[in-house]
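Reviewing the structure listed below.
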Amino acid sequence: MADPKPIECWMTDMDGVLVHEGRLIPGADVFIARLRETGRPFLVLTNNSIFTPRDLQFRLRTSGIDLPVESIWTSALATATFLDDQRPQGSAYVVGEAGLTTALHEIGYVLTDNAPDYVVLGETRTYSFEAVTTAIRLIRNGARWVATNPDPVGPSRDGVLPATGAVAALISKATGVEPYFIGKPNSLMMRAALNRIEAHSESTVMIGDRMDTDVIAGLEAGMRTVLVLTGITQAEEVERFPYRPNRVVASIADLVEEV
């Protein structure tokens, strides 16, 4: 086999890799600081579509991680990029929060419940029965349907919360139509991220804490992958999957010297 190309760019998941429930994972701040010092292109990725990149920048800063807003890539931004490519200047009915509505406004989309081109489902802490009902009716009337990410549950201090994937299942059952999920593990989100920093997959590493989203998404996009054990997937679970990361490390602190 040919020797792998030198690592030039890095991508990392946010929750479970850099922070956990809003608290800094030791070494994450040093890792990001080293990336910035060396000038290596990098992105912090998240399937969470609730917050805008500026919101997330502030949240990370309060945890002790300082990075430019341009270095954050969300499933909401990936969804907006996809829609702008498919139907520029279109319209959408959105079930979601400011992270998603802002991303769609910025590409020139009109948000409406009057015969929209798309129904777009994202993350929210307050799913409205009325909004979900409207989405169901619009999809049954012919609106195309996309969702920001397939995660069925999300974390909170009190335990798991129903997330986009769970609500999507409800809507699918009522409409008989499956959504197109944009976020991880769809490698579309990863390829859009690579394009954003003008990176090549063969010289880019994806760091994540989940085999079923981060690792498979990086693998399918042609990147090298590193699983950290500070989040969802535990060491004893790795062998259950038909694919493997290139490396498994205890935490992102183990990668600081490689930047």
Could you give me the CA-CA distance, side-chain angles and deciding distance for I171 and L121, then say whether side-chain contact (heavy atoms from CB on, under 4.5 Å) is met? CA-CA 10 Å; I171 296 174; L121 176 67; 4.3 Å; yes
Stepwise, does the side-chain contact (heavy atoms from CB on, under 4.5 Å) test hold for E37 with V259? CA-CA 10 Å; E37 288 168 7; V259 176; over 6 Å; no
Show, in sequence, the C-alpha distance, side-chain angles and deciding distance for D13 and M206, and conclude whether the side-chain contact (heavy atoms from CB on, under 4.5 Å) test is met. CA-CA 8 Å; D13 185 44; M206 174 64 196; 4.3 Å; yes
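In summary, the side chains of Y180 and N186 do present a donor paired with an acceptor at a separation below 3.5 Å, with no hydrogens or angles considered. In this structure, a donor-acceptor pair under 3.5 Å is present between the side chains of E97 and T124. Side-chain contact check for N149 and T164: at least one donor-acceptor pair (N or O, by modelled atom type) lies under 3.5 Å. Between the side chains of T81 and D84, no donor-acceptor pair of N or O atoms lies under 3.5 Å.
The list of side-chain hydrogen bond (donor to acceptor under 3.5 Å, both in side chains) pairs with a residue in residues 229-240, not counting sequence neighbours, reads E239-R244.
Chaining together hydrophobic side chains whose heavy atoms lie under 4.5 Å apart places L219 alongside M211, V215, I216, L227, L229, V238, F241, Y243, V248.
Scanning all heavy atoms of the two residues, the minimum distance from W73 to M189 falls at NE1-O, 3.3 Å.
One finds the OG1 atom of T133 at 6.0 Å from the CZ atom of R137 (value rounded to the nearest 0.5 Å). To the nearest 0.5 Å, atom CD of residue E70 and atom CG of residue L43 are 10.5 Å apart.
For T204 (side chain) and H200 (main-chain N/O), a donor-acceptor pair under 3.5 Å exists by modelled atom type. For D209 (side chain) and I232 (main-chain N/O), a donor-acceptor pair under 3.5 Å exists by modelled atom type. The backbone N or O of G99 lies less than 3.5 Å from no partner atom in the side chain of T102, so there is not a single donor-acceptor pair.
Salt bridge status for E220 with K184: absent, with no side-chain N to carboxylate O gap under 4.0 Å.
Looking at residues two or more places apart in sequence or on another chain, you find no ring pair (Phe, Tyr, Trp, His ring centres under 6.0 Å) involving F58.
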